[in-house]
Amino acid sequence: MSLRKRINLRNTLAFRLTLWYAGIFTVSSCVAFLLFYILITSFIRERTDQELLSQVNRFSTLLVTEGIEAVKNDAVIEAQAAGIKKVFFRLLSLKGQVFSSSNISYWKDIDINEVAIKELLQGNSSVFETITIPDHKDKVRILYALLSPSIILQVGQAMESYSRFLDAFNGIFITTMTFLIFVAAGVGWFMARRAVSGVEAVTRTAQKISGGTLEERVPVKTQGDEIDQLATTFNQMLDRIQTLLIEIKEMSDNMAHDLRSPITRIRGIAEVTLTTGKSLSEYESMAANTIEECDRLLDMINTMLMISKTESGVDKLSREEIDLTGLVRDACVLFEPPAEDKGVTLSCDVPVRSHLIGDTRMIQRMLSNLLDNAIKYTPSGGTVSVSLSENDERDVVITVKDTGIGISPSDLPRIFERFYRCDQSRSKPGIGLGLSLARAIARAHGGDITVTSRLNQGSTFAITLPTPKSSEIRGVA
Ligand code: ADP
């Protein structure tokens with residue numbers, strides 16, 4: 001493994017999780033072992049102390065019943081029987097001088113503890129100490145106790161079982177801990193790898209996407225855990241980005257197409273006039289046509305800008321009190337002549353008096369776009385009806401209904417997209433921005449536009465706008 005790879009591994013989440021897991025596991029195991037050690041050693045010490053105290057009791061009784069000589073003899077015999085390397089007895093004066101003892105050739109390094117004697121003289125019935133003697137394997141537990149008001153018994157016992165336990169404990173501790181650390185690291189690594197494998201899948205997919213394959217998706221394991229949620233959200237985000245990119249591509253294709261047509265026309269007119277034009281009037285006509293095409297282009301660009309600004313809220317809408325009833329009536333009057341020219345009957349039904357807070361110019365533009373479309377896409381003999389109604393006093397609804405060419409179900413969800421035009425309406429003039437702007441205006445006023453339509457039977461566009469509370473109207477006034 002290269003150095004770089006090693007450093008990278010150390011930086012991974014899986015590695016850090018493994019370290020944490022193994023660390024916590026090791027510390028917990030050490031604490032458990034320590035508790036066990038304390039428990040066992042105190043048990044062993046307790047048991048040794050009990051044995052030493054029972055010796056003292058026995059010698060006290062012997063002293064009372066049979067005298068000091070019997071005690072001396074018994075101490076020698078007792079030490080002999082137990083093993084002179086295991087137990088020793090000394091009888092001391094109150095000044096700490098030894099006046100009798102068992103065979104202490106093995107224990108000669110053990111001094112008399114003056115502090116212990118002092119404590120006895122101060123009233124303590126017994127004093128324990130544990131000492132370690134150089135070159136002796138076992139520790140020694142020693143008890144000082146008063147046998148009579150003038151005799152102190154010092155009894156010592158090698159802590160063999162303590163040493164045996166310690167040896168066994170050390171062996172078991174080292175082996176078990178080594179094993180446990182390896183197991184903890186292995187389990188930790190396995191669990192950490194499992195936990196981060198989902199994140200890695202997301203990373204791999206993101207890497208493939210940055211390499212240009214937007215169709216890639218992260219596999220979802222249906223376990224419903226956090227990683228699955230991340231993968232699902234990531235996939236949803238990708239779906240959205242993909243849809244947006246497709247829409248942007250289509251929009252730029254449409255835009256390029258819509259820009260190319262007038263520019264081609266301008267160029268064609270100029271070319272024809274240059275090659276064939278002889279008179280001033282022909283040049284004048286070319287200039288007029290060019291201006292007309294340029295106006296159309298400018299109109300398109302301005303509409304696009306207006307949609308963007310309205311959608312983003314860059315251009316603040318003015319907030320005036322609008323007499324909606326009057327505004328709808330005026331619009332109908334305005335569109336009466338073109339409707340008549342086309343042989344379309346335009347009816348206007350505005351029984352309610354409605355007010356609105358908003359931008360008059362924008363609302364006029366929105367309504368004009370819908371009326372213009374309705375008349376444009378309704379063949380001669382058809383009707384366009386405009387109506388105004390209120391919905392629970394909360395919304396006002398302007399409906400523009402026509403008996404025109406209608407919109408197919410497949411086109412219906414897309415007609416509000418910029419530059420989108422249905423196939424059957426391509427023969428009519430238009431750039432596919434009118435509905436996008438109308439919807440942007442409705443939404444900027446807190447409302448929306450919905451549409452229902454049947455091919456060859458007609459369409460109904462409904463603009464819903466929130467009615468202002470009377471306090472708002474007073475505020476604007
Ligand atoms: P356009 O300039 O093409 O009219 P719009 O954004 O106003 O652009 O409309 C988008 C498309 O929606 C139109 O090209 C047309 O296909 C369809 N459309 C809009 N209004 C109607 C309608 N009243 N009847 C039938 N089709 C319509």
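Bear in mind the structure is a predicted one, so any value in this text is a computation, not a measurement. We count residues from 1, following the sequence as given. Remember, it's 1-based here, ligands and their atoms both numbered in the order they're listed.
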* R421 neighbourhood, listing ligand 1 atoms whose heavy-atom distance to it stays under 4.0 Å -> 1 (P), 3 (O), 14 (O)
* May I ask whether G406 has any heavy atom positioned less than 4.0 angstrom from an atom of ligand 1? => yes
* Asked: Which residue and non-hydrogen atom of the protein lie closest to atom 23 (N) of ligand 1, and at what distance in Å?
  -> D402 OD2, 2.9 Å
* atom 7 (O) of ligand 1: nearest protein contact (heavy atom, Å) -> N373 ND2, 2.8 Å
* Asked: Side chain or backbone of L433 under 4.0 Å from ligand 1, or both, or neither, by non-hydrogen atoms?
  -> backbone
* Asked: Between the side chains of T130 and R141, does any donor sit under 3.5 Å from an acceptor?
  -> yes
* Does ligand 1 have any atom sitting under 4.0 Å from a heavy atom of N369? -> no
* Asked: If you count the atoms of ligand 1 from 1 in the order shown, which ones are under 4.0 Å from a heavy atom of I415?
  -> 10 (C), 12 (O)
* Asked: Quick one: does R426 get within less than 4.0 Å of ligand 1, heavy atoms only?
  -> no
* Any idea which protein heavy atom is nearest atom 27 (C) of ligand 1, and the distance to it? -> Y377 CD1, 3.5 Å
* Are E129 and K139 within salt-bridge range, i.e. N to O under 4.0 Å? -> no
* Taking atom 26 (N) of ligand 1 as the reference point, the nearest protein heavy atom with its distance -> I407 CG1, 3.3 Å
* Taking heavy atoms and a distance under 4.0 Å, where does K376 meet ligand 1: side chain, backbone, both or neither? -> side chain
* Asked: Do E282 and S279 have side-chain atoms, one donor and one acceptor, less than 3.5 Å apart?
  -> yes
* Is D323 paired with R353 through a side-chain N to carboxylate O contact shorter than 4.0 Å? -> yes
* Asked: If we ignore angles and hydrogens, is there a donor and acceptor under 3.5 Å between the side chains of Q242 and R217?
  -> yes
* Using non-hydrogen atoms of the residue, decide whether F461 is closer than 4.0 angstrom to ligand 1. => yes
* If you have a sec, work out which protein heavy atom is nearest atom 17 (C) of ligand 1 and how many Å separate them, to one decimal? => C422 SG, 3.9 Å
* Asked: Between E200 and R193, does at least one N-O distance fall below 4.0 Å, as a salt bridge requires?
  -> yes
* Selection from S453, G432, G434, G458 by shortest heavy-atom distance to atom 1 (P) of ligand 1 -> G432
* **Polar contact flag, side-chain donor to acceptor under 3.5 angstrom, S408-D411** => yes
* Asked: Which residue supplies the protein heavy atom nearest to atom 15 (C) of ligand 1, what is that atom called, and how far is it?
  -> S425 OG, 3.3 Å
* Any chance the side chains of S459 and S453 put a donor and an acceptor closer than 3.5 Å? -> yes
* For ligand 1, which part of I431 has a heavy atom less than 4.0 Å away: the side chain, the backbone, both, or neither? -> backbone
* Structure fact -> Taking only non-hydrogen atoms of G430 and a 4.0 Å limit, the atoms of ligand 1 in range are 2 (O)
* To do: Report yes if some heavy atom in the side chain of K309 is under 4.5 Å from a heavy atom in the side chain of M304; otherwise report no.
  => no
* To do: Decide whether D359 and S318 meet the rule of one side-chain donor and one side-chain acceptor closer than 3.5 Å.
  => yes
* Asked: Considering only heavy atoms of Y420, which atoms of ligand 1 have at least one such atom less than 4.0 Å away?
  -> 10 (C), 11 (C)
* Side-chain donor-acceptor contact under 3.5 Å, E390 with S354 -> yes
* Should the pair D253-K249 be classified as a salt bridge under the 4.0 Å nitrogen-to-oxygen rule? -> yes
* Residue portion contacting ligand 1 (non-hydrogen atoms closer than 4.0 Å) for L435 -> both
* Is S459 touching ligand 1 with its side chain, its backbone, both, or neither, if touching means heavy atoms under 4.0 Å apart? -> side chain
